[in-house]
There are 2 protein chains.
Amino acid sequence: MARKPQTRNPEQTKARILKAARDEFALKGLGGARVDVISRRAGIQKRMMYHYFGNKEALFQIVIEHEYTRFREAEAALEIERQDPVEALKKLVAFTWDYYIAHPEFITLVNSENLHKARHLKASSVLRPVNETFVDRMRALLKRGEASGQFRKGVDAVQLLITLSGVNYHYLTNQFTGEIVYGRKLMTKAARDERLAFNIETILRLVCKEGVM
Amino acid sequence: MARKPQTRNPEQTKARILKAARDEFALKGLGGARVDVISRRAGIQKRMMYHYFGNKEALFQIVIEHEYTRFREAEAALEIERQDPVEALKKLVAFTWDYYIAHPEFITLVNSENLHKARHLKASSVLRPVNETFVDRMRALLKRGEASGQFRKGVDAVQLLITLSGVNYHYLTNQFTGEIVYGRKLMTKAARDERLAFNIETILRLVCKEGVM
DNA sequence: CTAGTATAAATAACTATCTGGTTATTTCAA
DNA sequence: TTGAAATAACCAGATAGTTATTTATACTAG
């Protein structure tokens, strides 16, 4: 009884499922997302999702692998290696901030994954190389800054990366409770600009020698 | 056909529901939590939850109001007003860190509330006074530090509070993806101690004048 | 002090709908 | 003509919320 089947196009079908899944997972979390909603939003039969991805959890895993990879690739494209260390650091903070703002779904997906104790990423092997070069890039930057006399010695790359991510990420992911707790609009243009400047200053004060900033 | 009803004790019944709800919401989020699981864990009939709290969302609202209030009360009990500004700041960072570690459910509940754009807290009026005094306390501390010559001028209390919360909160809520991304154990005793020290340094460098730390 | 009674607390059983996943079938394109 | 791609219809178990009923306790009248 199947009528008017969509012109066959497996790549497009898969892509539409992934996009719809990303949006629904980002909006409701893994637990709140509904397979029926995903298939409706994708404009495909639910059966096709099971055909291409297996089940809801496997779909979630692909989505989060995708989003992580996309983020790291964009970050690598910055080529901070070639720039003055202080400028590179500023640029990295601003990039992270802008990326989170441009891709709010990345943040909610990562939150959801952490609620599930990263069980999907643990089962994945895609990200290991990507992340290693990511940490290595920061180590190299710190070393360059130390050599040039601009950075203090002994700053740990991982701690710094967590803090760099954290000051940006936390402001955005907790913006809704934040507006209530602090009694202030947090996402106006002015508020966002102010926050980015504050975050850059936080990171520079942590890394730079006195008088360099 | 009702047999062996529990000895009547509405306060205890309500308390047991709240505790079970807090645990289940913290573990699965609002979307993933199941009313049946809550009632089973509380050892009560599901009907009683609906009797005392109305529905799942109203129950969630009460839970999160509770947890927020508890946190602010603990923080107020620190009495940072009376201490040396630098010591007070250190103590506040350490308190926040310790509280988050001791109450991981607080973090996941706040995350869940943010996923839902703080719609439950918006509908609540309980927290306004609590939060105002919270921000005021930081303003007073900054002013004292400026007066004593230990702190820089012009540091914004709200930005500082968000960063203080953020560097602690983010490390913990993202610990699971963090261990994968950074390829390092993050929750051993040594790792936790190292992170607390790093966070204290981050905040002090942001606030203190040169040479004070 | 006691028997009766009103009422809130608690229980049991139920339901309409939702949900992730499946079976059976058709259709397009190489 | 054949195999992958797409569709339609279905299902068992779960899920939030309800209805109907029973029972413990506080209170009251005698």
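Below, read A as the first sequence line, B as the second, and so on, with proteins coming before strands; counting in each chain starts at 1.
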Of all pairs that satisfy ring pair (Phe, Tyr, Trp, His ring centres under 6.0 Å), the ones with a partner from residues 19-51 of chain B, not counting sequence neighbours: B/F25-B/F60

A/H66: partners by ring-ring contact (aromatic ring centres under 6.0 Å, His included), with sequence neighbours left out: none

Of residues 19-28 of chain B, the positions that come close to DNA chain D - non-hydrogen atoms, cut-off under 4.0 Å: none

Residues A/R34 and A/E24 bridged, charged N to O under 4.0 Å: no

Five-pair end axes of the helix from C/dC1-D/dG30 to C/dA30-D/dT1, angle between them (10°): 10°

Residues from residues 52-67 of chain B lying under 4.0 Å of DNA chain D - heavy atoms: B/N55, B/K56

A/R34 vs C/dT19: side-chain N/O to OP1/OP2 distance below 4.0 Å: yes

B/R119: side-chain hydrogen bond (donor to acceptor under 3.5 Å, both in side chains) partners, not counting sequence neighbours: B/E57

Let me have the donor-acceptor pairs involving side chains of residues 71-78 of chain A, under 3.5 Å, with sequence neighbours excluded, atom names and distances please.
from  : atom 1 : to     : atom 2 : distance (Å)
A/R72 : NE     : A/N131 : OD1    : 3.2
A/E75 : OE1    : A/R137 : NE     : 3.4
A/E75 : OE1    : A/R137 : NH2    : 2.1

Test side chain to side chain contact (heavy atoms under 4.5 Å, CB included) applied to B/Q45 - qualifying residues, sequence neighbours left out: B/M48

Side-chain N,O (A/T13) to OP1/OP2 (D/dA6) below 4.0 Å: yes

Donor-acceptor contacts, no H, no angles, side chain residues 86-96 of chain A, under 3.5 Å, sequence neighbours left out:
from  : atom 1 : to    : atom 2 : distance (Å)
A/T96 : OG1    : A/L92 : O      : 2.7

By side-chain hydrogen bond (donor to acceptor under 3.5 Å, both in side chains) - contacts of A/N199 (at least two apart): A/N168, A/R195

B/H51 vs C/dA9: side-chain N/O to OP1/OP2 distance below 4.0 Å: yes

Ring pair (Phe, Tyr, Trp, His ring centres under 6.0 Å) contacts in which one or both residues fall within residues 155-191 of chain B, not counting sequence neighbours: A/Y169-B/H170, A/H170-B/Y169, B/W97-B/Y171, B/Y100-B/Y169

Residues that B/K185 engages under side-chain hydrogen bond (donor to acceptor under 3.5 Å, both in side chains), provided they are two or more places apart: none

